[in-house]
2 protein chains.
Amino acid sequence: MLSKKTKYAFHALTYLGKNRENKTVLIQEIASTYGISHKFLENILLELKKAGMLGSKKGKGGGYYLIKQPKDIPLSKVIRLLDGPIALLPCVSLNYYEPCEECRCEVSCGLNRVMAQVRDEMLNVLENKSLADILEKE
Amino acid sequence: MLSKKTKYAFHALTYLGKNRENKTVLIQEIASTYGISHKFLENILLELKKAGMLGSKKGKGGGYYLIKQPKDIPLSKVIRLLDGPIALLPCVSLNYYEPCEECRCEVSCGLNRVMAQVRDEMLNVLENKSLADILEKE
DNA sequence: CCTATTCCCTACAAATCTTATAGGATTTAC
DNA sequence: GTAAATCCTATAAGATTTGTAGGGAATAGG
């Protein structure tokens, strides 16, 4: 399941995506729209900024704004940033690979292969759908 | 990511699946094979039994054994039993549906639809692959 | 019937991860 | 200079996962 962090990130991105014209939006405005804690959301927006999806401006009249085209923000990127691996096992994660502790041999591990298949199916959707697809339906 | 509980369940099922002939196997034997705590595994095997996948026998010479054909144990069943929902959002879960808290309207929720698609792709693998597919490759 | 063995059941403790909060530092507009 | 806003780091609170404890109930073998 997606964490609240990730869901909040999608909400924020959606909100900023609807608000075109690169006008800045206050953290507080997004937080109160969705009933999210200001400070919690602050951390999330900061991560999105560091990842190059958002820009910000400090001081009076400041706030956040989308720095990319919605179509250039695949859903997988947001999930990986805030939730970590998409795969169901660390040993088949493309971005967060780790060997499984209990698993003696990946080559002969039956789970490994099936889970790699699951991962591919998930990515097939999550890499190809973007913020633009979400915006289009809201 | 799959929990340890689920991974341990797959290990145990695999072990029992290799050991054909309906001979009983001790919890302790499986636990020490994979380095799992005896008591922790005990709880897991009990759940698998209650879900109708395993049979057991008490007393001397007792233990656990597979009660179904490996092909009749889809991976999705094991995951749902021990980990809960497979979907990434509660509002698109087939077996554990709950409305999303922050989400005002599912019909217009852009995430909802994409995540339903992800769920379908995952299930397409997890419902159709079974313990038999894992055994075959080990 | 008695005993050792093994699963059954429930409760709880420990560890980890997620969620939220706090408080000040820094930048900017006016 | 001051107020407004983001930036940054640390830590607290809460939830979930993982693991432990201890006795109950059934069974095999004598």
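What you see is a predicted model, and the numbers here were worked out from it, not measured in a lab. By convention in this document, chain letters (A, B, ...) are assigned in the order of the sequence lines, proteins followed by strands, and residues within each chain are numbered from 1. These values consider heavy atoms only, across backbone and side chains, with no hydrogens, waters or symmetry-generated copies.
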Study note, to complete from the structure: Lys60(B) has its side chain closest, among dA29(C), dT21(C), dT5(C), to dT5(C)

Check your understanding: Quick one: is dC7(C) close enough that its OP1 or OP2 comes under 4.0 Å of any side-chain N or O from Tyr65(B)?
Key -> no

Exercise for review: Have a look at Ile27(B) and say if it touches a base, only the backbone sugar-phosphate, or nothing, with a 4.0 Å heavy-atom cut-off.
Suggested key: sugar-phosphate

Practice item. Can you spot which of Ile134(A), Leu48(A), Ile30(A) makes a side-chain contact (heavy atoms from CB on, under 4.5 Å) with Leu13(A)? Key: Leu48(A)

Point to revise | Spacing of Glu29(B) atom CD relative to dC7(C) atom P, expressed in whole Å | key: 11 Å

Review point. For Lys49(B) and dC8(C), is the shortest distance between a side-chain N/O and OP1 or OP2 below 4.0 Å?
Key: yes

Review point. Does any donor-acceptor pair link the side chain of Lys39(B) with the base of dG22(D) at a separation under 3.5 Å?
Key: yes

Practice item. Rounded off to whole Å, could you give me the NE2-to-C1' distance for the His11(A) and dT19(C) pair? Key: 16 Å

**Study point:** Spacing of Phe40(B) atom CZ relative to dA21(D) atom C1', expressed in whole Å
**Key:** 15 Å

**Study point:** Nearest-angstrom distance from the residue atom NZ of Lys23(A) to P of dA5(D)
**Key:** 14 Å

Check your understanding: Quick one: Ile44(A) CD1 to dT19(C) C1', roughly how many Å, whole number?
Key -> 9 Å

Review point. Are Arg113(A) and Glu136(B) close enough, and set up right, to give a salt bridge (Lys or Arg N to Asp or Glu O under 4.0 Å), and what steps lead you there?
Key: CA-CA 11 Å; Arg113(A) 308 197 195 181; Glu136(B) 175 178 298; over 6 Å; no

Check your understanding: Could you give the CD-to-P distance, from Glu47(B) to dT18(D), as a whole number of Å?
Key -> 12 Å

Exercise for review: Measure the distance from CE on Met1(A) to C1' on dT17(D) and round it to the nearest whole Å.
Suggested key: 16 Å

Exercise for review: Take Lys50(A) and Glu47(A) through the test salt bridge (Lys or Arg N to Asp or Glu O under 4.0 Å) and record every step on the way to the result.
Suggested key: CA-CA 5 Å; Lys50(A) 286 180 183 167; Glu47(A) 285 199 72; over 6 Å; no

Check your understanding: Starting at the 5' end of DNA chain C, which residue's closest nucleotide do you reach first, Ser3(A) or Val25(B)?
Key -> Val25(B)

Exercise for review: Give me the ring orientation class for His11(B) and Tyr34(B): parallel if the planes are under 30° apart, tilted from 30 to 60°, perpendicular past 60°.
Suggested key: parallel

Review point. Do the non-hydrogen side-chain atoms of His38(A) and Ile27(A) ever get within less than 4.5 Å of each other?
Key: yes

Check your understanding: Taking the side chain of Lys58(B) as its heavy atoms from C-beta onward, which of dG19(D), dC7(C), dT21(C) lies nearest to it?
Key -> dC7(C)

Review point. Hey, does the side-chain of Lys5(B) have a donor or acceptor N/O within less than 3.5 Å of a partner on the base of dG19(D)?
Key: no

Check your understanding: Considering only side-chain heavy atoms of Asn43(B), which listed nucleotide, dG19(D), dC8(C), dT20(D), is closest?
Key -> dT20(D)

Point to revise | 5' precedence on DNA chain C between Leu41(A) and Leu45(B) (nearest-nucleotide basis) | key: Leu45(B)

Review point. Within the structure, does a side-chain N or O atom of Tyr64(A) lie under 4.0 Å from either OP1 or OP2 of dA5(D)?
Key: no

Review point. Whole-Å distance between dA25(D) P and Leu46(B) CG?
Key: 15 Å

Check your understanding: Would you say the side chain of Pro90(B) lies within less than 4.5 Å of the side chain of Pro99(B), judging by non-hydrogen atoms?
Key -> no

Exercise for review: Using only side-chain N and O atoms of Ser56(A), determine if any of them is under 4.0 Å from OP1 or OP2 of dA5(D).
Suggested key: no

Review point. Looking only at side-chain N and O atoms, does Ser37(A) come under 4.0 Å of OP1 or OP2 in dT21(C)?
Key: yes

Exercise for review: Look at the side chain of Glu42(A) and the base of dC8(D), then say whether one donor and one acceptor between them are separated by less than 3.5 Å.
Suggested key: yes

